[in-house]
*Asks:* 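What follows is a structure written as structure tokens; I'll ask about it next.
Along the sequence shown, residues are numbered consecutively beginning with 1.
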Amino acid sequence: MRPNKEKADNIFVIGMDERNRELLSNLPHLAAYRFHTLLRKEELMERETVSLRDLLDKAESRLADFDGQVDAIVGYWDFPVSSMVPILCARHGLPSAPLEAVVKCEDKYWSRLEQQKVCDAHPPFALVDLADPRPPPTLSFPMWLKPVKSRSSELAFKVEGPGELVDAAARIREGIGRIGEAFDVALSMLDLPEEVARAGGQACLAEEEISGQEVTVEGYCLNGEVEIYGVIDSVLYPGTSSFLRYQYPTSLPEDLVQRLTDTSRRVVRQLGLDYSTFNIEYFVDQERDRIDIVEVNPRLSQSHAPLFEYVDGAPNHECMISLALGRAPCLPRRQGPYGVAAKWFLRAFSDAHVRSVPTKDEIARVEREVPGATVDIVAEEGRWLSELPMQDSYSYELAALYIGAADETDLQEKYEHCLALLPFAFDD
């Protein structure tokens, strides 16, 4: 239980958006917190190329203008937010993961180097020279080619042979600087291992393809003790690498959950990720009795937050806020109103001009007729789908549906009901 205080803690949220503001307002002991927006989500995306220094300067200016005590700084987005949090916390003497540990997670190459020290739950990997892209001799096709730092699967391409590898490398080379230049700034703040320093923040990584059921392990680390509070299934659109839904709780058997838990604990400790939430994406191949890490994210998944609220009774933001204030989290378990919950992604798989999206009245009808449903529209009327930020390389997100249900059958029926009530119109 939180001790009584005369004043509420001032918690600054980098990239605050309305959906997460609502979730934060549902936290236990809400009266003890006062949330402040430290850069809006739109400010983080207003430039084609990320400038870490400019964003840090803007954040520092707003903190300096605040007439009160800064008690915590948090964020739930990918880079640059994930790296801004430890930088700003260190400057203000606030609890946070070390920047080095966060960057070890975010740099896909450095992360693999650390993972292989404590487990074999990862695919074969090697760097590829973007100036002279050739298949690494130690890897076999098919493989994935990706920058060592990107976000939301941007510039990640599956390649089946040398020709596709060259084409993918050209596309990565064209866009890698948008994030890579800012990531180089974060790397410059650290004493790097020689191989990581030599690669830099605009390098390209190749990894052999891995397969199986995709799941995400969510947890936190405090004082070196790693706690796992949930495992979420990720279901793909058939025949694609794009997500159809995230579903909680997992359908995996308990022995596999324990195996994922043990591996996650070893990796998080090796990375030195303390005073931090995390989520680790895995492929689980039960036929081959193998698990493989896709990536380690040094933050909670805000996409999963409503699912924890539906099933457990509080969003996983509880863990993020508690750690930022230097205390142990206490997330409830199975105290929510639903037995299962999912975030569904409505997607298009070819570019189009958006003629119209569902209206506020149509969205309100969905949320009225389908108990436990919340709708977020992503596509924007009058714009091309390809103009949307933070999309994967093979599809465009139109909307996200958060749905709580009694069981999986009820979940599917609610989803189909929502689809029937949400009209989109496009021009080719």
*Asks:* Side chain of D285, backbone of G212: donor and acceptor closer than 3.5 Å?
*Replies:*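 Judged by distance alone, no pair lies under 3.5 Å.
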*Asks:* Are R259 and E254 ion-paired here, with the side-chain N under 4.0 Å from a carboxylate O?
*Replies:*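 E254 and R259: not salt-bridged.
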*Asks:* Within a radius of less than 6.0 Å around CZ of R53, do more than 12 heavy atoms belonging to other residues, nucleotides or ligands occur?
*Replies:*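 Counting other residues, nucleotides and ligands, CZ of R53 stays at 12 neighbours or fewer.
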*Asks:* Under the side-chain hydrogen bond (donor to acceptor under 3.5 Å, both in side chains) test, which residues partner E18, sequence neighbours left out?
*Replies:*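 For E18 the side-chain hydrogen bond (donor to acceptor under 3.5 Å, both in side chains) partners, ignoring immediate neighbours, are R21.
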*Asks:* Drop me the distance from L419's CG to L401's CG, to the nearest 0.5 angstrom.
*Replies:*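 One finds 6.5 Å between CG of L419 and CG of L401.
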*Asks:* Using a strict threshold of under 4.0 Å (side-chain N to carboxylate O), is an ion pair present between K360 and E362?
*Replies:*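 No, this pair does not count.
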*Asks:* Evaluate the side-chain proximity of Q247 to I232: yes if any heavy-atom separation is below 4.5 Å, no if none is.
*Replies:*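 No. Closest side-chain heavy atoms not under 4.5 Å.
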*Asks:* Quick one: does L56's side chain get under 4.5 Å of M84's, heavy atoms only?
*Replies:*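 Yes, side chains in contact.
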*Asks:* Should S386 and Y396 be marked as a side-chain contact (heavy atoms from CB on, under 4.5 Å) after you check the CA-CA gap, both sets of side-chain angles, and the distance that decides it?
*Replies:* CA-CA 7 Å; S386 56; Y396 307 99; 4.1 Å; yes
*Asks:* Heavy-atom distance under 4.5 Å between the side chains of I280 and F278, does that happen here?
*Replies:*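 Contact flag for I280/F278 side chains = yes.
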*Asks:* Would you indicate whether the side-chain heavy atoms of P358 and V375 approach each other to under 4.5 Å?
*Replies:*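 With C-beta onward as the side chain, the pair stays apart.
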*Asks:* Could you check F345 against Y237 for ring-ring contact (aromatic ring centres under 6.0 Å, His included), going step by step and ending with a plain yes or no?
*Replies:* CA-CA 9 Å; F345 295 90; Y237 276 85; 8.6 Å; no
*Asks:* Give the intermediate values and the outcome of side-chain contact (heavy atoms from CB on, under 4.5 Å) for residues F35 and S25.
*Replies:* CA-CA 9 Å; F35 295 106; S25 71; over 6 Å; no
*Asks:* Decide side chain to side chain donor-acceptor pair (under 3.5 Å) for Y338 and D407; before the verdict, give the C-alpha distance in whole Å, the side-chain angles of both, and the deciding distance to 0.1 Å.
*Replies:* CA-CA 8 Å; Y338 297 103; D407 53 34; over 6 Å; no
*Asks:* After noting the C-alpha distance and the side-chain angles of S264 and Y282, does the key distance pass the side chain to side chain donor-acceptor pair (under 3.5 Å) rule?
*Replies:* CA-CA 10 Å; S264 299; Y282 286 90; 2.8 Å; yes
*Asks:* Taking it one step at a time, do E218 and H304 satisfy side chain to side chain donor-acceptor pair (under 3.5 Å)?
*Replies:* CA-CA 9 Å; E218 284 235 18; H304 298 157; 2.7 Å; yes
*Asks:* Can you say whether the rings of F12 and H36 are parallel (under 30°), tilted (30 to 60°) or perpendicular (over 60°)?
*Replies:*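 Rings of F12 and H36: parallel, as their planes differ by under 30°.
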*Asks:* Please report the interatomic distance CD(E295) to CD(E281), rounded to the nearest 0.5 Å.
*Replies:*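 Between atom CD of E295 and atom CD of E281 there are 4.5 Å.
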*Asks:* For F424 and F426, take the angle between the two ring planes, folded into 0 to 90°, and tell me which bin it lands in: parallel under 30, tilted 30 to 60, perpendicular over 60.
*Replies:*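 Rings of F424 and F426: parallel, under 30°.
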*Asks:* Heavy atoms, side chains only, cut-off 4.5 Å: are W110 and L190 in contact?
*Replies:*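 Contact flag for W110/L190 side chains = yes.
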*Asks:* Parallel, tilted or perpendicular: which fits the ring planes of Y109 and F125, with parallel below 30° and perpendicular above 60°?
*Replies:*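 Perpendicular, since the angle between the ring planes exceeds 60°.
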*Asks:* For the pair T250 (side chain) and L252 (backbone), establish whether a donor and an acceptor sit closer than 3.5 Å, ignoring hydrogens and angles.
*Replies:*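 Checking the backbone N and O of L252 against the side chain of T250, a donor-acceptor pair under 3.5 Å is found.
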*Asks:* Rounded to the nearest 0.5 Å, what separates atom OG in S395 from atom CZ in R347?
*Replies:*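 S395 OG to R347 CZ: 4.0 Å, rounded to 0.5 Å.
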*Asks:* Verify, without hydrogens or angle tests, whether S111 (side chain) and K108 (backbone) share a donor-acceptor contact under 3.5 angstrom.
*Replies:*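 Here the side-chain-to-backbone pair does not exist.
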*Asks:* Enumerate the salt bridge (charged side-chain N to carboxylate O under 4.0 Å, His left out) contacts for residues 182-196, please, sequence neighbours excluded, ordered by first and then second residue.
*Replies:*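 The answer is E194-R198.
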*Asks:* Kindly say whether D312 contributes a backbone atom to a donor-acceptor pair with the side chain of R334 at under 3.5 angstrom?
*Replies:*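 The answer is no, because no donor-acceptor pair under 3.5 Å joins these two groups.
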*Asks:* Under 4.0 Å between a Lys/Arg side-chain N and an Asp/Glu carboxylate O for D78 and K149?
*Replies:*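 Yes, D78 and K149 are salt-bridged.
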*Asks:* For atom CZ of R290, is the number of surrounding heavy atoms from other residues, nucleotides or ligands below 6.0 Å larger than 12?
*Replies:*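 More than 12 heavy atoms, drawn from other residues, nucleotides or ligands, come within 6.0 Å of this atom.
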*Asks:* So does K158 pair up with E164, basic N to acidic O under 4.0 Å?
*Replies:*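 No salt bridge links K158 with E164.
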*Asks:* Taking the side chain as everything from C-beta on, heavy atoms only, tell me whether P142 gets closer than 4.5 Å to V159.
*Replies:*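 A side-chain contact under 4.5 Å is absent here.
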*Asks:* Find out whether T138 and P124 are in side-chain contact, i.e. whether some heavy atom of one side chain is under 4.5 Å from a heavy atom of the other.
*Replies:*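 Of all side-chain heavy-atom pairs linking P124 with T138, none is under 4.5 Å.
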*Asks:* I'd like to know if the side chain of T49 and the backbone of R178 have a donor-acceptor N/O pair within less than 3.5 Å.
*Replies:*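 No: the side chain of T49 does not pair with the backbone of R178.
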*Asks:* Could you state the interatomic distance from OG (S251) to CD (Q213), rounded to the nearest 0.5 Å?
*Replies:*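 Rounded to the nearest 0.5 Å, the OG-CD separation comes out at 4.5 Å.
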*Asks:* Under the side-chain contact (heavy atoms from CB on, under 4.5 Å) criterion, do Y275 and C221 qualify, and how do the steps go?
*Replies:* CA-CA 6 Å; Y275 275 86; C221 185; over 6 Å; no
*Asks:* Just by distance, do the side chain of W77 and the backbone of G15 share a donor-acceptor pair under 3.5 Å?
*Replies:*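 Yes.
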*Asks:* Applying salt bridge (charged side-chain N to carboxylate O under 4.0 Å, His left out), which residue pairs with at least one partner in residues 369-383 are found, sequence neighbours left out?
*Replies:*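 Residue pairs passing salt bridge (charged side-chain N to carboxylate O under 4.0 Å, His left out), neighbours aside: R19-D376, R365-E369, E380-R383, R383-E387.
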*Asks:* In chain order, what residues pass the side-chain hydrogen bond (donor to acceptor under 3.5 Å, both in side chains) check against D410, with sequence neighbours excluded?
*Replies:*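 side-chain hydrogen bond (donor to acceptor under 3.5 Å, both in side chains) list for D410, sorted by chain: empty.
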*Asks:* Residues in side-chain hydrogen bond (donor to acceptor under 3.5 Å, both in side chains) with E106, at least two apart?
*Replies:*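 With neighbours one apart ignored, the set is S82, S83.
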*Asks:* The test is ring-ring contact (aromatic ring centres under 6.0 Å, His included); show your working for F79 and F183 and say whether it passes.
*Replies:* CA-CA 8 Å; F79 185 85; F183 194 55; 5.4 Å; yes
*Asks:* Any chance you could measure S301, atom OG, to N279, atom CG, to the nearest 0.5 Å?
*Replies:*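 So the gap between those two atoms works out to 5.5 Å.
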*Asks:* With sequence neighbours excluded, give me every salt bridge (charged side-chain N to carboxylate O under 4.0 Å, His left out) pair touching residues 127-146.
*Replies:*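 Sorted result for residues 127-146: D132-R134, K146-E207.
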*Asks:* Would you please test R171 and E174 for salt bridge (charged side-chain N to carboxylate O under 4.0 Å, His left out) and show each step?
*Replies:* CA-CA 5 Å; R171 295 179 66 179; E174 182 180 351; over 6 Å; no
*Asks:* Is there side-chain contact between W384 and V354, with at least one heavy-atom pair below 4.5 Å?
*Replies:*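 Heavy-atom side-chain distance check fails, nothing below 4.5 Å.
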*Asks:* Are the side chain of D274 and the backbone N or O of G224 linked by a donor-acceptor pair below 3.5 Å?
*Replies:*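 Answer holds: yes.
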*Asks:* Could you walk me through whether E408 and Q412 pass side chain to side chain donor-acceptor pair (under 3.5 Å), step by step?
*Replies:* CA-CA 6 Å; E408 195 159 339; Q412 183 71 35; over 6 Å; no
*Asks:* When rounded to the nearest 0.5 angstrom, what distance separates NZ in K343 from OH in Y310?
*Replies:*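 K343 NZ to Y310 OH: 12.0 Å, rounded to 0.5 Å.
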*Asks:* Any side-chain to backbone donor/acceptor pair from E208 onto S140? Under 3.5 Å, distance only.
*Replies:*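 Pair found, side chain donor or acceptor close to backbone of S140.
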*Asks:* With no hydrogens and no angle check, is any side-chain donor or acceptor of N20 less than 3.5 Å from a backbone partner on L23?
*Replies:*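 Pair absent, no side-chain N/O of N20 close to backbone of L23.
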*Asks:* Heavy-atom count check: over 12 atoms from other residues, nucleotides or ligands less than 6.0 Å from E367 CD?
*Replies:*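 Correct, the count exceeds 12.
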*Asks:* Testing V85, I11, V74, I73 one by one against L38 for a side chain to side chain contact (heavy atoms under 4.5 Å, CB included), which residue passes?
*Replies:*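 Going through V85, I11, V74, I73 one by one, the side chain to side chain contact (heavy atoms under 4.5 Å, CB included) with L38 is satisfied by I73 alone.
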*Asks:* Indicate, with yes or no, if the rings of Y248 and F308 have centres closer together than 6.0 Å.
*Replies:*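 Yes; F308 has its ring centre under 6.0 Å from that of Y248.
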